[in-house]
Every structure is written in structure tokens, then in C-alpha cells.
Amino acid sequence: MKFGVVVFPGSNCDHDCYYAASHAAGAEACFLWHKDRDLKGSDVIILPGGFSYGDYLRSGAMARFSPIMEEVIAFANRGGPVIGICNGFQILTESGLLPGALMRNKHLKFLCRDVFLRAEQDAGRTPFTRNVEKGRVLRMPIAHNDGCYFAEPHLLDRLEGEGQVIFRYVNAAGEITEIGNPNGSLHAIAGITNEKRNVVGLMPHPDRCAEELLGNHDGALLFQGVVP
Amino acid sequence: MTNATREPEVTAAVAREMGVTEDEFRRICEFIGRTPNYTELGMFAVMWSEHCSYKSSRIHLKTFPTTGARVLKGPGENAGIVSIGDGLAVVFKMESHNHPSFIEPYQGAATGVGGIMRDIFTMGARPIANLNSLSFGAPDHPKTRYLLGGVVAGIGGYGNCMGVPTVGGELRFNPAYNGNILVNAMTVGLVPEEKIFLGQASGVGNPVMYVGSRTGRDGIHGATMASGEFDQQTEEKRPTVQVGDPFTEKLLLEACLEAMKGDHIVGIQDMGAAGLTCSTVEMADRGETGILLDLDRVPLREEGMVPYEMMLSESQERMLLVAQKGHEEALRQIFEKWDLQCAVVGEVTAGDRVVVTHQGQVVVDLPVNPLTSGAPLYDRPRAEPANLRELHDLDLASLDAGGSPADTLVKLLGSPNLCSRRWVWTQYDHHVQTNTVRGPGGDAAVVRIKGTRKALAVTSDVNPRLVALDPEEGAAQAVAEAARNVACVGAAPLAITDCLNFGNPEKPEIMWQFERAVAGIGRACRALGVPVISGNVSLYDETEAKGILPTPTVGLVGLIDDVAHVGRAGFQDEGDHVLLLGEATGSLAGSEWLHVLHGKLGGRIPKVDLEREKALGELLRQGFRDGTLKSAHDVSEGGLAVALAECCLLGSGSGASIKLDPIDRVDSLLFGEAPGRVIVTAAAGAKKLEKAAAKLGIPFRKLGKVGGDSLDWKGLFRLSVATLRDVHEGGLRAITGA
Amino acid sequence: MKAIVTVTLKRGVLDPQGQAVAGGLKSLGFDEVRGVRVGKHIEVELGGDGAQARERVTEMCKKLLANPVIEDFSVRLEGEGA
Amino acid sequence: MKAIVTVTLKRGVLDPQGQAVAGGLKSLGFDEVRGVRVGKHIEVELGGDGAQARERVTEMCKKLLANPVIEDFSVRLEGEGA
Ligand SMILES: Nc1ncnc2c1ncn2[C@@H]1O[C@H](COP(=O)(O)OP(=O)(O)O)[C@@H](O)[C@H]1O
Ligand SMILES: [Mg+2]
């Protein structure tokens with residue numbers, strides 16, 4: 001089992017994802033350079049967080065044109081598991097692998113803090129959520145400027161109808177509240193999947209909470225889930 | 001010598017415009033045996049500016065203790081380095097970006113952070129933590145909200161994009177900073193000992209290479225601006241502010257670290273203040289070589305730039321390096337891989353001259369030494385400020401309590417200097433790199449070192465009010481507090497860096513403060529066995545003759561041998577004993593109580609017992625190592641009552657019941673301040689701790705027990721933890737509007 | 001030649017930045033402000049002979065400069081009216 | 001009535017965003033791109049009778065919308081040419 005972590009110019013959670021994949025999931029991991037076209041036999045692709053291309057113009061807008069992304073898109077279309085975390089989620093929406101868009105946080109500030117997420121689908125709905133049963137509340141850190149999920153109403157209806165909303169922002173008790181939603185995302189959406197359910201994007205960072213030493217290992221569930 | 005571009009003729013008046021005094025101008029002419037041309041004069045002006053030459057401060061800085069068993073590099077390099085074992089070393093330094101941040105808060109602060117990080121990775125170290133110490137004017141001053149918002153966003157904007165966690169710092173408000181805010185940024189990096197790089201040229205014939213961003217007309221004369229007192233003309237100097245590009249710096253970081261893996265690089269130095277001039281001259285100086293520079297090969301962003309502009313440009317995100325001859329192509333490939341500029345712009349020469357050519361003609365030909373060690377050295381006159389006696393004589397006894405203890409605690413806990421800084425640090429990514437074991441909010445932050453059991457504790461500290469009342473003592477206490485803060489998470493202090501922010505050194509009172517503060521830092525460092533390995537001086541922090549409070553910021557890095565023994569600040573479990581190490585009663589002199597309730601600064605501050613501080617540190621570390629201690633929190637501004645409230649807020653949510661009767665006035669017990677005090681909690685280990693404290697001569701007192709949902713000080717006040725939280729969290733709202 | 005691209009948020013997409021600016025202006029005493037929308041102004045300097053410049057820049061917008069999920073764009077070549 | 005404010009970086013001030021966009025466009029095959037500058041396009045909806053609108057909006061720019069240290073601005077009232 002091998003994780004491929006894509007390195008875009010400006011990625012800064014590439015090492016964190018590599019570390020989480022190898023330590024929390026005990027899997028092999030490798031870096032995939034954005035100018036290359038070789039997925040090096042990876043079984044799972046991670047698009048890590050950071051500021052690809054400085055987040056200039058729009059977060060994730062330029063990264064999607066990297067040569068490696070053509071391969072990632074083909075891999076995803078073949079049904080390969082892909083997860084985009086934070087900036088990686090933004091890249092997934094910009095590249096059309098996931099629907100919608102991520103816009104400026106409602107308070108217009110970069111926000112770094114813990115949030116609570118509620119799993120919205122049955123365990124195993126996606127390869128990454130095999131260990132997360134529906135209704136379970138996870139704690140995870142966020143750190144982003146542009147995490148406000150937006151989609152047109154008809155698209156939102158479809159996402160909800162098809163069970164593509166994976167995680168929602170909630171409070172500690174698992175309820176959807178204004179304060180629990182840190183960035184103003186529509187329907188408090190924190191993470192979604194595609195129709196085929198092999199591609200997952202989420203704004204919070206499972207890579208930053210995959211170890212007891214850091215006070216939280218809820219994030220390890222996602223890395224471990226994808227390893228059979 | 002000929003000059004291709006027509007430059008203004010050089011006279012003493014032109015020199016004065018560049019900030020070079022008549023006397024200095026004469027010395028320059030003597031040194032080089034002729035009148036310098038305009039570009040050469042510009043180079044002298046920046047190299048001899050206060051910012052680059054330390055001409056007013058150098059003789060005092062020499063008194064710092066700078067050596068120690070662990071010190072690999074002390075002051076004199078881009079940053080200092082200490083060994084932490086396992087073949088690893090820590091690199092750190094603090095730097096000011098005060099004036100630029102006042103003019104353009106976002107970009108000023110951002111480029112300050114960018115600059116200090118370059119100082120760290122130019123030595124081969126990956127930056128692993130950032131801190132920032134910020135001082136703003138009065139909370140209700142019309143510019144404060146704008147400046148605070150811009151500075152915090154700028155620090156976050158740069159550090160977040162770089163992927164370096166900002167884990168700590170300070171924030172204070174005082175009307176003394178109305179016209180001169182302070183933005184001091186510190187970066188800590190990690191480097192394998194055998195991979196340390198120095199800013200040094202060597203090997204005649206080796207190519208000099210330029211990497212990073214192109215050169216534009218940014219911040220020309222920025223370094224001299226940072227050394228000049230503010231006046232009405234500041235507005236006109238505005239274009240000297242640079243725009244930062246953290247994205248390019250992130251690429252530069254990765255490219256440099258990759259290039260450093262091989263044996264391509266002989267020496268490397270960032271281009272910060274005074275850009276190409278400073279990096280060229282300093283590298284030649286350290287390597288005792290000459291350098292030949294061809295400006296036609298410098299990557300430019302704008303057309304028509306003249307040598308003066310190229311030599312003085314402060315465009316960001318650039319580095320100058322000396323490569324091993326024959327490795328140019330290998331380096332070019334690495335920098336191109338990261339989409340960065342890379343050009344051979346000169347070579348190392350025998351001799352001691354910096355020679356610069358442009359369009360085939362020599363435009364600069366200067367001996368290195370006069371530019372560096374030839375800079376003037378001033379022993380400026382010093383005099384104790386006339387009003388100091390008056391400040392000391394403030395009659396504290398006559399001041400009333402100003403309300404019930406509960407009211408006063410609420411007032412203090414929600415006051416601008418003591419309330420929660422969450423609004424600030426939630427704008428900083430403090431988790432990236434997944435090493436942050438203790439983030440912002442406590443006494444010191446802790447980052448673990450992957451691949452080892454070790455962790456580093458980092459903090460920055462100074463209480464400028466104490467320094468104003470007694471510069472020597474106040475500065476010594478800044479060091480003591482920093483050491484105490486890292487001890488509260490179980491770390492032993494390794495070394496400090498400092499950023500000395502003062503007013504106009506040409507005023508004897510300011511120079512007196514400066515010299516006394518340096519002496520105080522030196523004394524404390526010697527007593528605690530903590531060397532000074534790097535630092536920065538920012539003078540002329542003054543607007544229209546109004547100076548700031550003397551602010552010698554101390555940045556300290558401590559080591560924890562086993563990350564399993566990291567301490568925490570907040571109350572943990574019901575029933576734990578709440579204990580005080582150190583004296584029970586503090587002083588109201590220079591206290592937050594005096595500032596908030598009476599708007600005053602005065603009194604005689606209590607002295608720090610450095611021997612006892614050292615013992616206290618040992619006691620705390622031992623307590624965390626053997627599991628006796630469950631928490632430790634420094635008692636600083638706001639005194640015992642505020643510290644206890646913080647213990648409630650930083651922990652599991654438990655309150656505490658406290659019983660301790662005042663000996664004299666209640667305010668001194670609750671809100672008085674003094675060094676050497678820590679609130680700790682322990683369960684069964686309390687007995688053992690008492691014995692250990694007695695052996696070390698540290699006062700030990702039982703205050704009460706953890707428990708309940710309020711902080712209940714018998715007979716004095718009782719406030720629910722929820723109330724304390726509301727007050728503490730809401731304090732900045734009035735300033736930030738959020 | 002130069003092309004000016006204006007990228008604006010689609011009608012119906014919330015613009016918190018515009019709201020914040022409007023609030024800021026009002027608090028400065030500009031009571032006549034009814035609303036603010038913030039978009040991007042992108043100047044693209046083009047080499048070549050400029051033939052098909054409009055189509056090329058429109059192409060740039062579709063591919064990169066604007067995100068059709070949330071944004072509209074317009075292209076103006078320098079020298080043309082607004 | 002509506003006023004359109006364009007805020008651009010001063011000539012000579014580094015525009016990292018513009019640089020990155022230019023790089024992006026070139027790598028997409030738009031070889032004719034010589035350079036890109038990115039600024040802000042701000043639409044201000046104004047109530048009242050619109051007298052002195054130009055002066056008022058200019059005032060807004062000076063006070064809030066533009067940062068004179070690094071930015072220039074221009075104001076256009078809707079209906080006017082560019
Ligand atoms: N207050 C100080 N204490 C100790 N060392 C200092 C102090 N100020 C400056 N230094 C040292 O002097 C050298 C030059 O500092 P500086 O000019 O600020 O560096 P840079 O060229 O990176 O801006 C550095 O090694 C710095 O650590
Ligand atoms: Mg330096």
C-alpha cells in the first residue's frame with residue numbers, strides 16, 4: 001500500500017501528510033513532483049495543504065494545470081482513491097474533480113483552530129471513511145483563508161440527495177450551529193465526495209491530528225481507513 | 001575611474017542627505033584616498049547606518065556573554081547556533097521591522113517575517129517556529145486598530161504561506177508606542193551540525209551567484225530609513241516600503257536546502273537590509289577576500305536601473321552565494337527546478353576590494369575593511385533621566401483600591417495587556433509541520449523534534465514598564481522571565497537572542513537606558529548560564545522627540561530532553577494541591593494594576609534573585625521529569641489573582657478554592673508583581689516538592705485545591721470560571737472590533 | 001497591447017469582502033453607500049500582432065482567470081470604451 | 001448610481017500575484033503574454049442624488065479603498081467612458 005503525496009510549488013503540508021501516512025497508517029509513502037507525470041505506483045493520492053502558487057488569483061487555481069494533475073485526474077477517473085486536504089480540496093474543486101468552490105472565510109481572516117466535524121454518511125461510504133461511522137463527531141484543526149464552501153442551490157440539493165456530503169461542521173455536541181461553522185460554508189459543509197465516491201476533499205487537517213503526542217489522533221482514522 | 005551613468009556629484013551636503021555626517025564623510029574620503037562617487041557613497045551610507053553598523057551600540061553589545069559549551073556560532077553571523085546533541089543544532093535570531101510596519105503594517109510586518117526566516121535558512125536550517133513581539137499605541141488611539149489588524153495579518157500572511165508555525169509572541173499596548181509601533185520577529189531553525197553554512201566568501205576564482213527574485217527599485221535606502229528618527233517627511237519616504245512574496249520565499253527555502261545537500265555551496269548570505277551591498281561586503285569581509293561583481297548579469301525587474309539602485313535595492317527573497325567552481329550548472333538546475341532566477345554575477349578575487357562593473361566600466365572600487373570594521377564606533381554620552389527619581393517616588397500607599405477585589409480582577413483580566421490573544425494567534429498557522437506540542441496561549445510554546453525524543457521550548461519576553469523604571473533590573477528580569485517561562489514547560493534554557501528597541505541614542509538619557517539594559521541582560525545571562533547568541537538593535541524609535549518605552553525584547557530557546565516530560569500551564573484534576581513557589585506578596589510598582597486602575601507608571605520595582613531563579617528552574621524541570629508536577633504557570637503581569645484565573649482558563653475547566661490572607665494591603669497580595677514566582681499543582685507529590693523547595697531555599701506555600709466551577713479566594717472574591725472566560729476572551733474586542 | 005479583464009462575483013454569490021468594505025465606508029461617515037462588490041482588475045500585456053487578442057484573452061479567462069462556478073468576467077482591449 | 005473604482009499597484013511595486021498569473025498563462029500555452037498586473041475592481045453603489053459623487057468616492061479611495069503607499073486608484077462613474 002503506497003501513498004503518493006503531490007508536491008506543488010507552495011505545498012507546505014506535503015511532509016506532514018507523508019509523516020501521517022507512514023506513521024499513523026504505517027504505509028509506504030512517496031512524493032510526486034508537480035512537473036512529473038509518474039504516479040510511481042501509488043495506490044492512494046494525497047493533495048496536501050499549503051499555498052500552491054501562493055494561492056494567488058484563487059486558491060488552487062493554478063495547481064490544477066500541473067502535469068501531475070493530468071495523471072491524478074486519470075487515476076481518479078479509473079476509480080483510484082484521492083484525498084485533497086485544505087489547499088488540496090481547493091485544487092480538487094478547481095480541477096473539476098469535486099463540485100462547487102471554496103471562497104473567502106466569512107470573517108475574511110485566516111483561521112487556525114480546532115473544529116468539530118460530524119460524519120454524515122455510513123462508514124465505508126468512501127475509502128477514507130471506513131473507520132468513521134455515521135454521526136461520529138471528530139475534532140480536527142483547520143488553518144485556511146478560503147474554506148467557505150459554495151455551490152449553486154440545485155447542486156447542493158444533488159450533493160445532499162446523493163449522499164456526497166461527508167463531513168459537516170458542528171459544535172462539540174454534534175449540532176450544527178452558527179459558531180460551529182468557522183467559515184460560513186453553505187450547509188456547514190466541511191468535506192464532500194464525488195459521485196463515484198473515490199475522491200474526497202475536506203478543509204480540516206487530519207494530517208495534523210494523527211498522533212497522541214499532539215493531543216489528538218482523530219485524523220489517523222482517515223489515513224488508516226484507506227489501508228486495507 | 002569612469003562612470004557610465006551620470007550620477008549626482010558627491011559633496012558633504014549630498015552625504016548628509018544620505019545620513020552621513022560631515023565627520024563621517026571626511027573619514028570616508030580619508031579611508032579611500034579620494035572622494036567616493038555617488039554609488040560608493042550610497043554603499044558607505046548603508047553600511048555605516050546605525051542599522052547595519054551598530055555604531056552607537058557595538059561597544060556595549062561586546063559586554064554580553066556569548067560563549068558556552070553548546071554555542072557553535074555566536075553573534076557575528078546571520079544568526080546564532082547552539083548544539084542540542086544528536087548531531088543537531090538550533091539556529092535562531094530576532095529582528096525588528098518597526099518603521100516599515102508603521103508605514104505599511106501588512107507589508108512591513110510580512111517582509112520582517114520574511115527577512116528573519118531568510119537569516120535562518122541561509123545557514124542551512126529549516127525554520128521550525130516563528131515568534132513575534134508586538135507593541136502598539138493606546139488601545140483607543142485612532143491608528144491602533146488599523147495597525148494591529150495589518151501587522152497581524154501580515155505576519156500570518158507570510159508565515160502561513162511559508163509553512164512555518166507561528167507558535168508564540170507578545171502583544172502590548174501603551175501610549176508610548178502611538179507614533180512608533182514595534183514589530184520584532186523571531187525565527188528558530190533546525191540544522192544538522194555538519195550542514196551549517198556561513199555567510200563567507202572563499203576560494204579565489206569561485207563564482208558568486210545570485211538566486212531568488214529579480215531586483216527592482218524596492219526600499220532603496222530602507223536601511224537608512226530604519227535608522228532615522230521619524231518626522232513629517234516620513235510620508236515622502238513612503239515608496240521605500242517593500243512588498244513581500246512569501247510564495248517565492250517558500251520556493252527559495254526549498255531550493256536552498258536542496259542545493260545545500262550537495263557540496264556546491266561555499267558560502268551563502270541573504271540579501272536583506274542594504275541588499276547586494278551588504279551581502280557582498282559582509283561575505284568578502286568574513287572570508288578576507290575581494291569580490292568582483294558584474295551588474296549587467298543581475299536579474300532585473302525594471303528597466304533602466306542604475307548601479308546605485310542595484311547596489312542598494314532591498315527587493316526581497318534574494319540570496320547571494322559563493323559556489324564551488326564548476327558547480328554552477330548543478331546549482332542552476334536546482335534553482336530552475338524551483339522556477340527561480342539564478343545567475344553568476346561575479347567571482348571571488350584575491351585582495352580586499354569590492355569592485356563592481358556596469359556596462360563594461362568600473363563603477364565601484366572600494367576596500368572592504370573601511371565599509372565594515374571601519375565604520376565609526378560611538379561611545380555616546382549617557383545620563384540618568386531627570387524624571388526617574390520622581391517616578392520612583394510615586395506614593396503607592398496613597399492610591400486607593402479602586403473597587404472590590406472581584407471588580408478589579410475582572411477589570412485586569414479583560415484589560416488590553418492581559419486579556420486573551422486568541423484573536424491574534426488564530427490568524428497564525430500554529431500547527432503546520434505537526435510538531436506543535438504546546439501552542440500559543442501558555443507560558444512557552446513547545447515544538448518536538450521528529451526523529452528524536454527532544455523538544456524545544458520557545459518564548460519572548462520583556463516588560464517595558466519595568467525597564468523604564470529601572471533599565472538594568474528590568475532587562476535582567478526579562479531574561480529571568482523568559483527562563484522561567486520555558487522552565488514552566490519543563491525546559492532548560494539554551495541561549496537567548498534579543499531585539500533592543502530604544503529611542504534616539506544621541507540623547508544621553510536614551511543611551512543611559514540602553515547601556516543599563518545591556519548590562520542587565522548580561523548580568524542575568526551570566527547568572528543563569530545562558531549565552532547571547534544573536535540579536536538586533538533598533539534605535540531612533542522616536543517620533544517628534546517622543547520616544548518609546550525602552551523595550552529590550554528577549555527571545556529564549558530551551559531544551560526538553562524527553563518530550564514525555566513537557567509541562568502544562570492549566571489546572572488538571574479536582575483535588576490537586578495548588579501551590580505557590582516564591583514570595584506570596586508582590587509589589588504594585590510598575591504593575592498592570594497601577595497602569596489599568598490609575599493610569600500611572602512609577603515606584604521602585606523589586607529585585608530579582610537570579611540564584612533563586614536558577615534553582616526554581618531546576619525544581620520545575622525535576623518536578624516534570626519525575627511526575628510530581630501536574631502543572632506550572634508563571635506569575636507575571638497582573639499578579640497572583642490573574643495568574644490563578646489563567647490557570648483555570650488554561651486547564652481542564654476546573655476552578656479552585658484558595659485561602660491566603662493578606663499581610664499588608666490586599667492589592668499587593670492579589671495584584672502585586674514580583675519575579676521568581678510560579679503557581680504549580682501536584683497531587684501526592686506535593687510533600688516531595690515541599691522538601692525539594694526547602695532544600696533549594698525556595699519559598700513554598702499551599703494556596704488551596706483545584707475543584708469546582710469557580711475561582712474562590714476565601715474572604716476576598718469568588719468568580720465563576722465561565723465569567724472569567726468571558727471577560728478574558730472578550731478583552732480585545734473593543735480594539736479589534738471583532 | 002493591453003487587455004483589461006474584470007472578474008466579478010456572480011450575482012447571488014455572497015461577497016463578504018464587499019460587505020466589509022461597505023461597513024467600513026459607512027463607519028467613516030459615507031452614509032450614501034448602499035452596497036459594495038469587490039472584484040478583480042487584471043491587466044494582461046500581450047506581445048505579437050494582437051490579431052485575435054480578444055478571443056485569446058477570453059480563452060485565458062475561461063481557462064484560468066475566472067472560475068465559472070462563482071465568477072463572471074469581461075474583457076476590454078485598451079483603447080476600447082468601457 | 002454606481003461608481004467603479006480601480007485600484008492598481010503603483011508602477012515599480014512588486015506584484016507577486018501578477019507574476020504568478022503570467023507564469024500560469026504562459027505554461028498554459030499563451031506565449032504572447034508579456035506581463036500581468038492584478039488589481040482590484042470595486043463597485044460602489046451610491047444613494048442620494050449623486051451630486052459630488054466623484055469627489056466623495058475619491059475621498060473614499062484616499063481614506064479606505066486604496067493604500068497610497070503602494071497603490072494608485074481611478075474612479076469612474078457608471079455611464080462615463082473608461
Ligand atoms: N543586541 C544584540 N545582541 C547580540 N548580538 C547582536 C545584537 N544585535 C546584533 N547582534 C549580532 O550582530 C550581527 C549583525 O546583526 P544584523 O545586522 O541585525 O544582522 P543582519 O545582517 O542579518 O540584519 C548578528 O550576528 C547579530 O546576531
Ligand atoms: Mg542577515
Side-chain angles (χ1 to χ4, degrees), chain C residues 1-9 11 15 17-18 20-53 55-66 71-74 76-82, chain D residues 1-9 11 15 17-18 20-53 55-66 71-74 76-82:
Chain C
M1 86 177 306
K2 204 199 274 182
I4 313 259
V5 174
T6 307
V7 179
T8 49
L9 284 172
R11 203 186 282 268
D15 177 11
Q17 203 181 348
V21 172
L25 288 172
K26 280 183 208 157
S27 76
L28 285 172
F30 296 104
D31 300 317
E32 70 266 46
V33 172
R34 291 285 162 275
V36 174
R37 305 276 292 173
V38 178
K40 283 177 207 141
H41 168 94
I42 307 176
E43 302 179 5
V44 184
E45 194 68 52
L46 300 164
D49 60 0
Q52 302 177 310
E55 293 91 277
R56 294 286 286 176
V57 176
T58 304
E59 195 64 26
M60 294 177 200
C61 289
K62 286 189 183 153
K63 274 204 166 156
L64 178 67
L65 300 180
E71 292 169 330
D72 290 324
F73 66 86
S74 70
R76 183 164 61 82
L77 298 182
E78 205 171 48
E80 298 180 341
Chain D
M1 82 178 311
K2 205 200 275 186
I4 313 262
V5 174
T6 308
V7 180
T8 50
L9 283 171
R11 199 189 285 264
D15 179 8
Q17 184 162 215
V21 173
L25 288 173
K26 277 183 214 159
S27 74
L28 283 175
F30 295 104
D31 300 317
E32 70 266 45
V33 172
R34 293 282 162 277
V36 173
R37 307 275 292 170
V38 179
K40 280 180 210 137
H41 167 95
I42 307 175
E43 301 179 5
V44 185
E45 195 66 53
L46 301 163
D49 59 2
Q52 301 176 311
E55 293 91 279
R56 292 286 283 176
V57 175
T58 303
E59 194 67 24
M60 293 176 199
C61 290
K62 289 190 181 153
K63 283 203 166 146
L64 183 72
L65 302 181
E71 293 170 331
D72 289 327
F73 65 85
S74 71
R76 182 165 62 84
L77 298 180
E78 204 170 49
E80 295 180 345

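First the proteins, then the strands, lettered A, B, ... as listed; each starts at 1.
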Exercise for the section: Take atom NZ of D/Lys62 as the centre, draw a 6.0 Å sphere, and report whether it contains more than 12 heavy atoms from other residues, nucleotides or ligands. Expected result: no
Fill in the blank from the handout: Turns out that what part of D/Gln17 lies under 4.5 Å from chain C's heavy atoms comes down to neither
Fill in the blank from the handout: Ranking D/Val5, D/Thr6, D/Val7 by heavy-atom pairs under 4.5 Å to chain C gives rank one to D/Thr6
Exercise for the section: For residues 38-47 of chain D, pull every pair meeting side-chain hydrogen bond (donor to acceptor under 3.5 Å, both in side chains), keeping only residues two or more places apart or in separate chains. Expected result: D/Lys2-D/Glu43, D/His41-D/Glu43
Handout entry: With sequence neighbours excluded, residues passing side chain to side chain contact (heavy atoms under 4.5 Å, CB included) with C/Leu28
Key = C/Phe30, D/Lys63, D/Leu64
Fill in the blank from the handout: Under a 4.5 Å heavy-atom criterion, the part of residues 31-38 of chain D in contact with chain C comprises D/Asp31, D/Glu32, D/Val33, D/Arg34, D/Gly35, D/Val36, D/Arg37, D/Val38
Fill in the blank from the handout: Under 4.5 Å to a heavy atom of chain D? For C/Leu65 that would be side chain
